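Read the structure below first, then the notes.
Numbers restart at 1 for each chain; the letters A, B, ... are given by sequence-line order, proteins then strands. What you are looking at is a predicted structure, and each value in this text was computed from that prediction instead of being measured.
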2 protein chains.
Amino acid sequence: MTEQPAQTTTAGDPATARGEQTRQLIRDTAMRLFRERGYAQTTMRAIAQEAGVAVGNAYYYFGSKDHLIQEFYAQSQVEHRAAAQPVLDREEAFGPRLAGVLHAGIDVLTPSHGFAATFFKTAAEPTSPLSPFSAESSGPRQAAIDLFGEVVSGSTAKVDAELRPQLPELLWLAYMGVILYWVHDRSPGQTKTRQLIDGAVPLIDRLVALSRLRVLRPVTRQVLDLIRTLRH
Amino acid sequence: MTEQPAQTTTAGDPATARGEQTRQLIRDTAMRLFRERGYAQTTMRAIAQEAGVAVGNAYYYFGSKDHLIQEFYAQSQVEHRAAAQPVLDREEAFGPRLAGVLHAGIDVLTPSHGFAATFFKTAAEPTSPLSPFSAESSGPRQAAIDLFGEVVSGSTAKVDAELRPQLPELLWLAYMGVILYWVHDRSPGQTKTRQLIDGAVPLIDRLVALSRLRVLRPVTRQVLDLIRTLRH
DNA sequence: GTCGGTAGTTGAACACGTTCAAGAAGGGCG
DNA sequence: CGCCCTTCTTGAACGTGTTCAACTACCGAC
């Protein structure tokens, strides 16, 4: 129990929060138990007990059990960004960049497939702050969209001028689609999801290239108008 | 309490189930309360009390609170089929048929938008029997796919021979996408969803027509191969 | 040092979904 | 009528997520 002997503000940490250690302790314990037992099988009492705090204390830092998921969400986004860096440094063509970033996302999530699947249920609820479309998720979401922005901007691909500003968000949406498939993917090692990425990327690549063609201009515009309308 | 005076096997009903009345009573009560208060706010105790039975009795007929949703699911499918009939009788062209059937689906769901939204959360969980992709849902799902089969088969559209067998399921998938959007649609009267349908149908229509073009044949095949791979 | 206020912590209590052992109701058969 | 078996029904009890009034630890101000 009595660890952290003198506290001494572990150097560098701003004086912001006294209970920051507790917060991280609870978060890390929860993540570990989620991975070990799954989301539903991990009780708040178990988290509290393993972390050595009272159950009410967990609720001081996290509004609900679901909010612990958001923590996972944010953490995964950061890991995804890091895992994508080598790809962004190495690749120049649009297709390989996109494929690399998508694969990197799945790489990061793979160890959590078992419990991440069940948690996406909560993310799907529109009213939940956990929804990837919700205001509460706007931080990680924007970071993810920016990542796909880098996929485009750093590439040699020539993109239709009207499509360009929408493309990062569209790619993020495609990524959400990949994750939705991944969540339901019961093939060993989620091989099918990898096939989905490798199959879909060339199509997206071709589609993006085609969007500049004179003859397809009306269709491109029609699609973009529709998307603009549907955004809130 | 003491209604249904003599029982007398209300003529026509097969002698199958003694408690069929109770089952329907619980189901109807649950649906009403879901609509009135929302899913989360409706407790099993409330359902039982309003139906005039014990709480355990509800569990005799429905494995869980979630299973009551499946009842709603099946019921909606039947209503959708009925609402689509006039469209299928009236329209001949592929586009209007598809648009009509999609609109009919949303028509049926609209009164339940408030609570249906929150329930789709459960449907999104892959391990749940409620998932539209699950084995338990295969009945309603196949019925829905067949409905889109009628959209195609009854139309004057000429469809690529390779695409033809996959098309009904693809259209159903698109319908699932529409519902996903509808669930998140907070515009008054879900107007945006209607715009989505009206905007997407011409695109789908055009895409289906284009699939027959010689030059696009490789792409069509590539897409179809991918889809075949990804199906389980 | 002590006072006061904020931040952090506690665990009992609540409402909920769900389970289950016990019983009641119904009907076929001798 | 009495028996037995299946179907149906009951409500108390369990484990869960969550709340909250009370308490403690810390820290700056005087």
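- Between N57(A) and dG8(C) there is no side-chain polar atom (N or O) within less than 4.0 angstrom of OP1 or OP2.
- Ring pair F148(B)/Y175(B): centre-to-centre distance below 6.0 Å.
- For dT18(C), one of the phosphate oxygens OP1 or OP2 lies less than 4.0 angstrom from a side-chain nitrogen or oxygen of Y59(B).
- Phosphate proximity of dA15(C) to T43(B): absent, as no side-chain N or O sits under 4.0 Å from OP1 or OP2.
- Taking atom NE2 of residue H67(B) and atom P of nucleotide dG17(C), one finds them 16 Å apart after rounding to whole Å.
- Using a 4.0 Å heavy-atom cutoff across all strands shown, F62(B) reaches no nucleic acid atom at all.
- Taking the six-membered ring for Trp and thresholds of 30 and 60 degrees, W182(B) and H113(B) have ring planes more than 60 degrees apart, a perpendicular arrangement.
- Between the CD atom of Q21(A) and the C1' atom of dA25(D) there is a distance of 15 Å, rounded to whole Å.
- Put simply, Y60(A) has no side-chain N or O that comes within less than 4.0 Å of OP1 or OP2 on dT9(C).
- Across dG17(C), dG8(C), dC8(D), the shortest atom-to-atom separation from the side chain of Y61(A) is found for dG8(C).
- Taken from CD1 in I204(A) to CG in L170(A), the straight-line distance is 9.5 Å, to the nearest 0.5 Å.
- Residue T22(B) places no side-chain N or O under 4.0 Å from the OP1 or OP2 atom of dC8(D).
- Closest to the side chain of V55(B), from the set dT19(C), dG17(D), dT9(C), is dT19(C).
- Where R45(A) and V53(A) meet DNA chain C, the nucleotide closest to each residue was compared, and V53(A) sits on the side nearer the 5' end.
- Atom-to-atom, CE of M44(B) to P of dC14(D) comes out at 20 Å; the value is rounded to the nearest Å.
- One side chain, Q142(A) or D146(A), offers a donor N or O that lies under 3.5 Å from an acceptor on the other.
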